[in-house]
Each structure stands twice: as C-alpha cells, then as structure tokens.
Amino acid sequence: MAKNLVIVESPAKAKTIRRYLGSNYQVTPSVGHVVDLPKSTLGVDIEHDFKPEYHVIPGKAKVIEEIKKQAKGKDHIFLATDPDREGEAIAFHIADRLGKSLNGKIQRILLHEITKEGVKEAIEHPTELNRPLFDAQQARRVLDRLVGYRISPILWDKVKRGISAGRVQSVALRIIVEREKEREAFRAEEYWTLDAQLEGGNPPPFKARLFSHASQRIDNKNYKLPEQEARDVIAACEGKPFVVKSIERKEVKRTPTPPFITSRLQQEAARKLYFSPSRTMKIAQRLYEGVELGDAGATGLITYMRTDSPRVSPQALEMVRGYIANRYGTDYLPDHANFYKGSKSSQDAHEAIRPTSTDRDPESIARYLDKDELALYTLIFNRFVSSQMVPAVFDRTTIDIESGDAIFRATGQVMKFDGFIRVYIEGQDEPEEQEGMLPQLSEGEILKLLGFDPQQHFTQPPPRFSQATLIKELEEKGIGRPSTYVSIMNSLTKVYVEEDESKRLRPTSLGRVVSDLLVTGFPDVLEVGFTAKLENELDDVEEGRDGWIPTLHRFWKPFEKRLGEAKDKMPEVKRTGVKTGLVCELDGGEM
C-alpha cells in the first residue's frame, strides 16, 4: 500500500505524475476547486473583517470524502496544485477539509515543470503552505465578490436584470469603449506620398520617396504632404537632374525577442496561429500537464504557462546553449547567455514559458501531437531557442538624391548573418514596410528618372483591440495578472463586447451604456490607475508586506460611499431608454 498521497487538480496532471513516482506514492485529482463563496448570496461578512463564507461546490462532496479516505494512514500528504495564487487557494482549502489531525503530515510541492526530474526534485524539497499567497488570492476573490455583488443589483435596477459588473472586467470594458469613441471622433486627413522611379549605371532600377521639399521634412505625421505640393514637386523636378547627394552605409543588428510570458504567448498565437487566448491557454495547459509520447508515456512538454517573467533557470540556459551549438554551430551562440528583464509590475514567481527539454524538438515528437498542440509547441520551442542566439546582422544603406529643392531618399538592407532569424521572427500587429535591394551607386552620380508615382492616402483611426492586443494593453497598464486574462475576455464577450469581421473587439450598445454608467457612478473604481494600484496592493499581500484585511478595509470605505451615491444618482435607462441622436423617419422625433 502506498505510504504517501499526492493531490493535484486534474486527472491529466495526475496521470503524468503517477508515471514518475514509485509504488510508495498514490496520486489523486481534486478536479479543481473544492469550495467557493456561495452563488446566491454575498458570502462575505463585511462587519467582521470580511470573513468569507466558503461552501463545498455542488458535486465536490464525494471528491472531498474520497481524498479524506485516501489520506488515512499516509505518512505524507503532498499538495501539488498549480504554483500560483489560485493553486495555493485550492491547496489551502483541501488542507482545511482534511482537518487538523493531518496538518502535521501535509506539505506543499511546487511543480514548475511536470517532468520526471521536476517532480522528483519537488518531492525531495517540499515546502509549507504559503499563507500570504493564499491571502492574496482570498483578497482578490473577496474584492471581486464585493464589486460584483454590490454593483450588479444597481445595474439590474437601472439597466437590465441579469447583467453583471466585475472589478477588472469593467475597467477592460471601459478601455474598449473609449477606443471606440476615439474611432468615432476621428476625422481622416488626406496626405500624399511621392515616389520617384530611378535608374543608375548599375541595375536594378529602384524607387526613392520624397523626404523633404524646400527644407521641410515630410514625415506625414508632423507635416502631411498635400496633393498640390506633390504636383508642384513633379513639375519642378521633371526638367532637373537627379543627383546622388550622399550614401550612408552602416551595419545594424537586430536582437532576439525574449522567451514567452503569458500575454506575449497569447498575442503571438493570435497573430501567427489565429488562436483566441482561451484556446491558446487550453492547449498550453495540455502541453504542461503531459502528452502521451509513445513508450515514454505522458510527459510534460512545457513549463508552467501562467507567468509574467522572462527569467530562465541556469539549467535550462545550459541545455539550450548546448542545443544551439550542436544544431546550428558556435557562430550562432553568444559568448554569454542572453538575459531579459521583466516589467516593473512583474511578480517573477515563475520562469518564462519554455520547453522542458530541447531533446524533444517539434520534429521528433510531431507524430504524438495533434495539429494545434504541435503548432503551439513549435511556437514556444522556436521562440525559446532563438532567444538565446546571436543577433541578426544587416548592412543598411541610405541614399539621398537631390533634384532642385527636393530630396528623395531610398533605403535598403542586405542580411549579412541571419543569427536568431534562422529560427524565429516575431510577428507584427501592423505589417512592416519592406525595404528592397539597391544598386551600387556613387556620390555625384546622375540618375535617370523613369517616372513618378504619387499616391493618395488617408490617416487611419486607432485600431480596435483584438483579444490578444487588449491583454497586452492590460498587462502594460498593470491591470489583472496572467491567470485572470482569459476569464476577463470570456466575461466581456458574453454580452458587453462582440468581435467584428476582423476579429476585433467592439462594444455592444449594452456594453457602452453599462460602461458610461459605471464610469459616472464609480469613477475611481473604473480608473485604470486605481485598478493597477490595487493589483500592486495584492502583490504586497502575496509578498507578506501587507495584510489582506487592511487592504480590503482601505478599498471598502470609499467604495461603500460610492454605492450609496450611485443608487440615488445613477441615471435610469431601463424604462426611459437611451437617446441615439438619430431622427425618426415617421415623426421627426429623436429615436
């Protein structure tokens, strides 16, 4: 009979870990959370320091009884739930349900990667349950409950029954609505570009763009070229020579991008694979928990996929540097490992998302993965490998060509050494303008004009957010954390936001109304800066620098005042409707 019990969240994770441990270990899943706040009531005793009222989740009573039964007589009970706040909360609640009689036997293990080495290392170095980490999650859960269950009834009364408000979700909605208003207020401005098609003594012909006229720099941002000026330049230059004024050649380097953090993985998977963030995370979860690899059995292929840090362990750096040297040669290997800094708001709790072993390259395990798993694993693998390679090197040439009062500029670059680009190039939200090849020219050379190409353009409104670019915006503003992004998107897209034909987010009419009312009624709670500050306060709780109860008290007092004001002053649109500014065709009244 097994002497030790290992408790994890999911059956898939249990199956993988079971293979790495001997007969002395029994592995069982809790299938996620076992307790939570009640659905039908607030479940928080505000008068007694926000004491939460936890209930067993429907259907989980049998799971708890089974875990209790398996725990009897065990020497050690290891809680191996995910290594983040939510995982810590699951571990705490399981320990609580097992009872005080077993507390001396209960230990926590942190699995940052589910490999044979990773599991054995964790088992050999167990830790205690992390109370500050649990408190941070508990504070977040209570905060979200207070906001949701106190604001939502006001919205039911003023707008529509059944809709909800969320602490972070509502801020994300505000960002989407404000972007839509920017787009509506935007007025397109016309501008022109003027290219000259030229030919020198050496092939090929090339084009140069009008760079300045009469000493006025034309960048079509600070100064936009009008059509008439473009026509004037054409008329003035057609009879004048085009002379090479200067040639500047310099070597430029392009450095690799860091290995993935959660938000960047979601964004890149959206760009290159057209995956939604939720789809990306579901696939990443499978890669983390373990995939069957033939005789090798279930194997965790990537490290934990909820992280905001680009940090990589020394062992992994040694592993990937050996892989690069063997596969691509020492020319592709920097003298020292590349190190990347996280953002100021980064918790740095986990490594970057990387393959658990470079021995398992995508080609060698492709037959064991489905199409989506292989695509995402390849993305993660190549990004990680490229992050530890040398820069790509280009020869960049800039040629200024003078004709009368006009300067035309041609740029081109030639790759001298591909470096990290041999393995991976980061995608772009907006396509870069490609630079072509330039012929060999010399200063003072007179060029032949083959023709002009004037083009009309219009400035574009700021783009709508996609799910991935909204997550990037939230991350950069310090709103939410890696484990919360997908749930935010899911909440928004139920009623408040829809995707347009380009998979970009636009608010529904209900989303706009709700956002405007919430901003009016709760301006501080809906402030981006306020929400980011609250995230930092939760981080302070996690690090043990502050307590979760004082944090909630600081939030509650001003919020309670806002609740009372909103009940009285928030406009009611449920019965009166919202004016659209549109005129009715039948009677001329405003609709």
Side-chain angles (χ1 to χ4, degrees), residues 143-186 277 461-480 484-500 503-535 555 558-559 562-582 591:
L143 271 172
D144 292 344
R145 177 56 65 100
L146 291 173
V147 172
Y149 276 50
R150 284 293 187 251
I151 295 182
S152 295
I154 299 175
L155 292 179
W156 297 352
D157 184 49
K158 305 286 186 179
V159 185
K160 179 183 178 183
R161 187 161 187 84
I163 60 177
S164 65
R167 183 179 60 87
V168 179
Q169 161 201 316
S170 298
V171 178
L173 175 61
R174 179 182 185 176
I175 290 172
I176 294 168
V177 170
E178 288 183 348
R179 175 58 60 88
E180 196 67 18
K181 289 178 178 178
E182 284 180 52
R183 289 173 57 82
E184 290 166 355
F186 177 82
R464 289 181 176 129
F465 293 102
S466 65
Q467 289 194 35
T469 58
L470 178 61
I471 286 170
K472 182 184 178 187
E473 182 82 0
L474 294 174
E475 182 214 7
E476 288 178 349
K477 292 184 181 299
I479 300 167
T484 65
Y485 296 141
V486 169
S487 62
I488 292 167
M489 294 301 116
N490 290 342
S491 298
L492 286 175
T493 51
K494 282 179 182 175
V495 289
Y496 293 141
V497 171
E498 60 190 6
E499 290 185 329
D500 64 16
K503 296 287 186 183
R504 299 274 176 162
L505 301 174
R506 64 183 169 209
T508 61
S509 55
L510 178 62
R512 291 185 70 138
V513 169
V514 167
S515 181
D516 289 347
L517 289 176
L518 289 176
V519 169
T520 302
F522 301 92
D524 47 359
V525 178
L526 270 291
E527 262 300 325
V528 168
F530 176 86
T531 308
K533 179 174 175 286
L534 209 49
E535 294 290 352
F555 169 82
F559 179 63
R562 287 286 187 194
L563 283 170
E565 292 172 352
K567 287 176 184 176
D568 297 333
K569 297 178 182 178
M570 186 182 282
E572 185 175 319
V573 300
K574 192 173 188 176
R575 296 168 185 86
T576 59
V578 180
K579 291 182 178 181
T580 64
L582 302 174
M591 297 172 69

Report yes or no: does [X] contribute a side-chain atom to a donor-acceptor pair with the main-chain N or O of [Y] at less than 3.5 Å?
X: Thr493; Y: Met489; value: yes
X: Lys477; Y: Val528; value: no
X: Lys158; Y: Val514; value: no
X: Glu535; Y: Gly480; value: yes
X: Arg150; Y: Leu563; value: no
X: Arg504; Y: Arg464; value: yes

Taking the side chain as every heavy atom from C-beta outward, state whether Val159 and Leu510 have any atom pair closer than 4.5 Å.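 Contact flag for Val159/Leu510 side chains = yes.
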Side-chain contact, heavy-atom cut-off 4.5 Å: Thr484 with Leu474? no
Rounded to the nearest 0.5 Å, what's the gap from CG on Leu173 to OG1 on Thr508? Could you check? 8.0 Å
Ser515 OG to Glu180 CD distance, which is reported to the nearest 0.5 Å: 11.5 Å
Which heavy atom of [X] sits nearest a heavy atom of [Y], and at what distance?
X: Val177; Y: Pro507; answer: CG2-CB, 3.8 Å
X: Ser152; Y: Ser164; answer: OG-CA, 3.4 Å
X: Tyr496; Y: Leu155; answer: OH-CD1, 4.4 Å
X: Ile154; Y: Ala566; answer: CD1-CB, 4.2 Å
X: Leu518; Y: Ser170; answer: CD1-OG, 3.7 Å
X: Pro462; Y: Phe186; answer: CD-CD1, 4.4 Å

Who pairs with [X] by side-chain hydrogen bond (donor to acceptor under 3.5 Å, both in side chains), at least two apart in sequence or on another chain?
X: Arg145; answer: none
X: Gln467; answer: Glu499
X: Arg512; answer: Glu184
X: Lys160; answer: none

Listing request: all ring pair (Phe, Tyr, Trp, His ring centres under 6.0 Å) pairs with a residue in residues 148-175, at least two apart in sequence or in separate chains. none
Starting from the C-alpha separation in whole Å, work towards a yes-or-no answer on side-chain contact (heavy atoms from CB on, under 4.5 Å) for Thr520 and Met570. CA-CA 7 Å; Thr520 302; Met570 186 182 282; over 6 Å; no
Salt bridge (Lys or Arg N to Asp or Glu O under 4.0 Å) partners of [X], counting only residues at least two apart:
X: Asp568; result: none
X: Arg506; result: Glu498
X: Arg562; result: Asp524, Glu565
X: Glu182; result: none

My understanding is that only residues two or more places apart in sequence, or in another chain, count here; which of them pass side chain to side chain contact (heavy atoms under 4.5 Å, CB included) with Thr531?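 If we apply the side chain to side chain contact (heavy atoms under 4.5 Å, CB included) test to Thr531, skipping adjacent residues, the hits are Arg167, Val168, Val171, Ile479.
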Kindly write out the residues that satisfy side chain to side chain contact (heavy atoms under 4.5 Å, CB included) with Ala468, not counting sequence neighbours, or none if the list is empty.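 By the side chain to side chain contact (heavy atoms under 4.5 Å, CB included) rule, Ala468 matches Gln267, Ala270, Ser466.
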Should Ile488 and Leu470 be marked as a side-chain contact (heavy atoms from CB on, under 4.5 Å) after you check the CA-CA gap, both sets of side-chain angles, and the distance that decides it? CA-CA 10 Å; Ile488 292 167; Leu470 178 61; 5.9 Å; no
Listed by chain and number, what are the ring pair (Phe, Tyr, Trp, His ring centres under 6.0 Å) partners of Phe522, not counting sequence neighbours? Phe559
